[in-house]
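Beneath this line is the structure, given in structure tokens, with notes to follow.
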Amino acid sequence: MMYTTELLIQTVISGLMVGVLYALMALGITFIYSIVKTINWAMGEFYMIGSYIQFVAVHFLLGPNYWWLAVIISTAGTFLAGYIIEPILIKPMYARPMQRRDDYATVVTIALLLLLRSLAVAIGGPNQYRPETNLPIIWLGPLPQEGARVAASFCAVVALGLFWLVIKKTWVGLALRATAQNRVAAQTSGVDVLRLDATAFAIGVAMAGLAGALLAPLFMVFPTNGAVATVKGFEIIVIGGLGSIPGALIGGLLLGLVESLGTSFISSPYQNAYGFLLVILVLIVKPNGLFGEKVREA
Amino acid sequence: LAQDPIVLGVIAPLSPPGETALGQLVKRGAELGADYLNEKGGILGRKVTLSIQDSAGKNEQGVAAYRRLVTQDKAVAVFGFVHSGVNIAVNEVAKEMGVPTMGTQTGAGDVTAKKYPIAFRTHAVDPPRAATWVGWIKKNNWKRVAILAETTDFGIGLAKETEKQNKDGNLGLEIQTIMFDRTTTDLLPQLLQVKAFKPDAIVNIGVGQPLELMITQANTVGLLPDVKMVTSYDAPARPQFWQIHGDKWKGVSFIAFYSPKSELSELGKWFAKKYQEKFNEPPVYGALNAFGNAVVFAQAIEKAKSTDPKAMIEALETGSFTGWSAVPVTFPKAEGVLWHNWSPPLMVLTYTAKDQSVGDAEVSYTLDK
Amino acid sequence: MTAAGSKRGTALIALGLTKHYGGLVANNDVGMRLTSGEVRGLIGPNGAGKTTFVNLVTGVEVPDAGSVRLGDREITGQEPHLIAEAGLVRSFQMARVFGNLTATENLMIPYFASGAREGAAVGVARARELLRLSALEPLADAPANSLSGGQRMLLQTCAGFMIPHLRVYVLDEPFAGINSVVKDTLIDLIMHENSSRGITFLIVSHEMEIIRRMCPLVTVMIAGRVAAEGTLDEVAAREDVITAYLGRTAA
Amino acid sequence: MSEEPILVTSGIYAGYVPGVDILRGLSITARANEITLVIGPNGAGKSTLLRSIFGFLKPHTGRVTFKGGDVTGARPSQLKASGISYVTQDINSFPLLTVQENLAMGAWVFRSDKARLNRQLERVYATFPALTGKRHERAGSLSGGQGRMLSVARELMTDPRLLLIDEPTVGLAPNLVEQVYDILATARKATGAAIVLVEQNVEQALPLADHLYLLNLGQVKAEGPGRDFDNARVRKLVQECLLG
Amino acid sequence: MSIGLTSNWGAFVDWRQVALVTVLAALPVAALPFVVNEYIVHVMAIGAYYVIMGASWNLLAGFTGQFSLAHHAFAACGGYTSGLLIYHLKVPLWLSLPAGIVSAGLAGFIIGILVLRMRAIYLSIATWAFAETFRILLTAAYDFTRGDLGLSVPSLYGHVRPVVYYYTFTIIAGLCLLLMHVILKSPVGYFLRAVKDDQMRAASLGVDTTRVKLFAFVVSSAMAGLAGVLNAHYVLTLTPSIVDFSEMAKIIVMVVIGGMGSFLGPILATPPIHFLTAYLTDWGEWSMVIFSGIVIVMMRTYPGGLAALLESIRRDRRRK
Ligand SMILES: Nc1ncnc2c1ncn2[C@@H]1O[C@H](COP(=O)(O)OP(=O)(O)OP(=O)(O)O)[C@@H](O)[C@H]1O
Ligand SMILES: Nc1ncnc2c1ncn2[C@@H]1O[C@H](COP(=O)(O)OP(=O)(O)OP(=O)(O)O)[C@@H](O)[C@H]1O
Ligand SMILES: [Mg+2]
Ligand SMILES: [Mg+2]
């Protein structure tokens, strides 16, 4: 393969930078899973919503200079969407006794995925859009990097750090971790789990919205753009282990690395397969993911 | 009974994972086609209705749609295909069930090369399309060419055809071919490889999102605007090109089958006007071609004076029809992929100024018949 | 009793079992020998390592050191289902039942798993009988996840008795949360299985009354080690057992 | 005795599946400074009663009043905040949190009061020395008995006005059983709490009981002051229940 | 003393009931082609395909608790094996058909081993990763599989008239259902459900959980392979898009609306749902909006699915 070291490094760096954003997706998914015990299959659709809001905000309202404000609006917008959807779809699982909760959740979120995605096709049209960006190309030594990409990964790292602080250092974080492990005990401790559910769901999807908004100028805005984001999110969850924040970050970086290297050195059409192979490998060696927790069973 | 409407069937990808953007265009064209026919008093005095079915780009769903159109909706002709795979799969069943099909935007050889009596097509097949950019590249005396193609029927066929023409014609181009999965969101690794190859020109064989992504990222890595890029179909003809790429439009050319400078038939002019009114943008090839399919089928029925499939096929094979283009449409029983095939004119267009309309784009190359 | 027991040969022998969890030694060189047909009590403070011992013996956890033999068969570190097939079965301290299976179906699982040589009908009849004894008959066809805490525990204990070739039954606090009237029935059932089929029992319990009634011999574990072995009255007189476990009034 | 009861359930009907009532018109009262003992055969509905009081189950008929106010169908979080604690029958801890974090969760309703939190932690560790050494261990690694201590301890963090406690001594070593009863007796005296104690260990619990309810099939089979009952009488009553 | 999974085979099958149901079902099923048009017959033939897919996935996920997301990939594996054997090696149909079933079963066996130690969500993600990798493989290895262009395969009977296929598919679906019924009413069926509820408890009672889980994987994936082969030789074309997640989603939706872990529910729910999707295509790009809307409303009203609905009706009747 014809390749200079410089280009190789550039490939790796850009891979890593995107990896961080997908880590955000992964964290959103495991976060929701840990609290409401539901795999949110529609996660990518919230990514899509985030990217559409970003586009509308930048293109029609704010202009490229205020992209960061648009990012905040998009994140808040998806948060709100999550906060509205949760009581309608997820809450019934807990508000009344229900058998087969998992199945209900799976089907409802898959249906939500189809609904949001096909709504986007039907309403937004199948075209691609792209929020304008005027961030300059940033030179890392001799290597050019898209400004939007650098900005996006920087924001993502900040968001991950912030999230980590909240989870580890605050009462709400403690309550979230506690509820994730034992809902009944959380309730007897006085936590209003139904409210916490909605908040957690909204925070989780807001992470997807944030990723969508940040990546919109890079990977564009179209109805199915969330599909790949979901895929990467799941891969990272497995690599990093369910519910582990550093795991998500490391998983994201690892995935970015493997994909960019595989694509460059092995074969390009299999670009998306490298991640899957990594996932399968990790699971065979460590069935609970690299950072997965093990609890006493008997 | 004679007052029953005549049903024309459309099978197009309207939902993911199909290529919904093209599906929408087909739907627009077909609907205007029916409007046109009814405005002109229908076919054989009977009203025309459409039955539009979604293939979602999946073969089996397309086949089911065909069965549905034929056995339940009693469609007398089926067109609108965008995915070659769907078209080929449908033809396998159609050759038994008898109702003719017409490929609207399906480029793979096998759509017609199997010489099924029911299989027709009005689209540029791979060889002339590849010949167009090969000709354009030769005309500019470029030597090193990078092909970036998605691993779909479309991408594979065109990439192979380009390599074949280079080899068969001893053109002496140095070609680097890189294939990628169409769900790929990041083409940076591939483009960096292309950059290392130092090409003179890049052939962009992506459909939809990857096509746009490649333009954006080629700018990032500094390939565009110095290294010229040609896209494999007329996506840049749509206004979204300007929205997405803004200032980064230079160096991009695109294959087109139609430019507003092209000569349109009377029907084509009717269509262009209505389309502009209805959708507020100039008509695009996909829509034009679907419209053309509808009116050509109508003419064939008029000629056969019946909706009997055999008679229609006979009429299609022997007649000459007016589609959207000034060039008459015929379906000769020719050899290979040219069987029952009408190809639109092919050209390479290039914008010369920002926010230009397609009509003002420069015609950089035209493929001779 | 003790003398009679030793004549009958060894049902289960554990030697030098050791298990570490991080810095903690949950079981430290634990040895125990059960004679065939004996009913042994295992007592000791919370966290002494009783459940860990049960886990090591039944293959749920693999010991860091030591060995376990069932009769003359080496079973150290074998998979739980092989150990169960060999006739060593256990119950769990936190009652485990198959929640979506009915009470009867719950009992059919061990019966089928043991080969069900006498046919399904015999098994069903046996299950009915056990459910009747444990006052669960009205719930025979209710899914197990609709049972109360005590009922689950009863159901779990009964499951072992469905196995025709049961040789050693290790019960981890089987009387926890069971009403005292039913408790007596359960004790009768255990003693009956012991005398009629010669099944060996190892019973973990914190209820000294019951241990006194059932177990001629008890083993006391403290802090991961075997601290004493003997009759309950013997061990209950020991100072270390009193301070660590019994407290002043209970003994 | 003349005090107003803190908790009254009047004629509650509740169940898990629509159409199948587990509690059938159950009425009990619990008073401050008293231990109300609830006993009955397995499956009588004792745990179901506690769940219905604490809002995990909604009675479809009947009322639950706490300190004179109607709390029927209120959410657990509201009830906890108003001074009720519920120790469930199973071990009820957060397995991946440390013991200390588990206890901190027990202080959720007064989380802003750091001094009080520390005071209560000190007290709990003094009461359950076995937990002191495990402070920074994960709750999930505890033994069965240690886990139960933790569950009880966490619910005592708030000094509840009403403590619902479901078989707290199951699986505890004999010396700890005594301790738990001591704690309950102390809690009653020191804070004047009302305690609803569900037990199978009648023998040891009976001496503590100020008032006793014997449930069967979701109804009160017998009730009266604790001193009216002894082991033999309880046994006879339960036997009657089981027979028919 | 090794315990065979086949001991007391069919111990609890009520053959009279089976016969009765067969007779009752056979009549309307056989009569259908005489009363409806050809397209509906076609839809119902494909419906029978989905019945096999749904029921066999239900065996794996609903009864054994292995929430696999690769079921559609097993069907594709069967179809592609048969199709590729014919395409490359000119193998006759009677040989390529069983080869497809065997290869799907084998694939199920291998994947079953790989995911053996994984729990719930990890197993789902891993199987889903397998499926996606398989799809990418089918797409990217286009020289061998013909990729997106589609692999043409010959028809089963030399023609594609739906009626014959309809009968073939429904009869085979019936046989599959019978087999699954027997499995579920045998000790091994009890083991499957026990493994779902509590694996460690099952093992501690002597159930060889490894073999039980593998058994479920092999049986269900072989059935998916069978369904895939049949479908391929009726639809006459294979593309990687049959491994698209939307296919799996469709199967999940069918089974869950029917009531996961119930035998009858999914079987009854599948044909109408398939029928619905077939007719919703009239709405073009809105069809999926409508479909998902219906699914959400149904799940909100009957979270337990059709099975729970039937159950509550039965309960009401008994009370009267
Ligand atoms: N998987 C594990 N990980 C970490 N520590 C463990 C694990 N299993 C047991 N322990 C520790 O080992 C010690 C012994 O536990 P074990 O459950 O055997 O006690 P026990 O004697 O059964 O107590 P109890 O009477 O309370 O049930 C405890 O301190 C416990 O915390
Ligand atoms: N989750 C549930 N779903 C359905 N029914 C249940 C459920 N939990 C309990 N039941 C039913 O309610 C009845 C009462 O159960 P409950 O747990 O209240 O009994 P209990 O008196 O606490 O018994 P124990 O002393 O064994 O704990 C049981 O017979 C059982 O059939
Ligand atoms: Mg223990
Ligand atoms: Mg209880």
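Just so we're on the same page: letters track the sequence lines, and every chain starts at 1. In this text the structure is predicted, and so the values were computed from the model without any measurement.
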Worksheet item: What residue in His159(E), His42(E), Met288(E) has the most heavy-atom pairs under 4.5 Å with chain B?
Response: His42(E)
Discussion item. Does Glu96(B) form a side-chain hydrogen bond (donor to acceptor under 3.5 Å, both in side chains) with Tyr116(B)? I'd like the steps, not just the answer.
Written reply: CA-CA 10 Å; Glu96(B) 275 190 42; Tyr116(B) 292 152; over 6 Å; no
Fill in: Side chains of Tyr66(B) and Gln53(B), donor plus acceptor under 3.5 Å
no
Discussion item. So for Ser152(E), is it side chain, backbone, both, or neither that comes closer than 4.5 Å to the heavy atoms of chain B?
Written reply: side chain
Discussion item. Between Thr237(E) and Glu92(B), is there a side-chain donor-acceptor contact under 3.5 Å, judged purely by atom types and distance?
Written reply: no
Worksheet item: Testing Leu211(B), Thr183(B), Val207(B) for side chain to side chain contact (heavy atoms under 4.5 Å, CB included) with Glu150(B), which one passes?
Response: Val207(B)
Worksheet entry | Tyr234(E) ring center near Tyr49(E) ring center (under 6.0 Å) | no
Item to complete: Could you please state which residues from residues 271-280 of chain E sit under 4.5 angstrom from chain B, measuring non-hydrogen atom to non-hydrogen atom, sorted by number, or 'none'?
Response: Ala278(E), Tyr279(E)
Discussion item. Show the nearest heavy-atom pair for residues Ile205(B) and Met214(B), with the distance to one decimal.
Written reply: N-CE, 4.4 Å
Worksheet entry | Considering all heavy atoms, the nearest Val160(E)-Arg67(B) contact | O-NH2, 2.9 Å
Discussion item. If I measure from the heavy atoms of chain E, does Lys95(B) come under 4.5 Å with its side chain, its backbone, both, or neither?
Written reply: neither
Worksheet, complete the sentence: Under a 4.5 Å heavy-atom criterion, the part of residues 74-94 of chain E in contact with chain B comprises none
Item to complete: Verify side-chain contact (heavy atoms from CB on, under 4.5 Å) between Glu31(B) and Ile52(B), making sure each step is shown before the conclusion.
Response: CA-CA 9 Å; Glu31(B) 278 169 349; Ile52(B) 301 178; 3.8 Å; yes
Response to the item:
Exactly one candidate in Arg121(B), His340(B), His123(B) meets side-chain hydrogen bond (donor to acceptor under 3.5 Å, both in side chains) with Thr112(B); the answer is Arg121(B)
Discussion item. Counting heavy-atom pairs closer than 4.5 Å to chain E, which one of Ile156(B), Asp110(B), Val63(B), Asp181(B) comes out on top?
Written reply: Ile156(B)
Worksheet entry | Glu19(B) with Arg182(B): basic N within carboxylate O range, under 4.0 Å | yes
Worksheet entry | Heavy-atom pair with the smallest gap, counting every atom of Tyr39(E) and Ala64(B) | CE1-O, 3.3 Å
Discussion item. I need the residue from Asp54(B), Asn59(B), Thr151(B) with the largest number of non-hydrogen atom pairs under 4.5 Å to chain E.
Written reply: Asn59(B)
Worksheet item: What option among Asp143(E), Val235(E), Val43(E), Leu238(E) has the most heavy-atom pairs under 4.5 Å with chain B?
Response: Val235(E)
Worksheet item: Distance-only, no hydrogens or angles: does the Thr20(B) side chain make a donor-acceptor pair with backbone N or O of Pro16(B) under 3.5 Å?
Response: no
Worksheet, complete the sentence: Whatever's closer than 4.5 Å to a heavy atom in chain E on Glu60(B) counts as both
Discussion item. So that I can tick it off, tell me whether Asp244(E) and Arg135(E) are bridged by a salt bridge, with the cut-off set at under 4.0 angstrom between side-chain N and carboxylate O.
Written reply: no
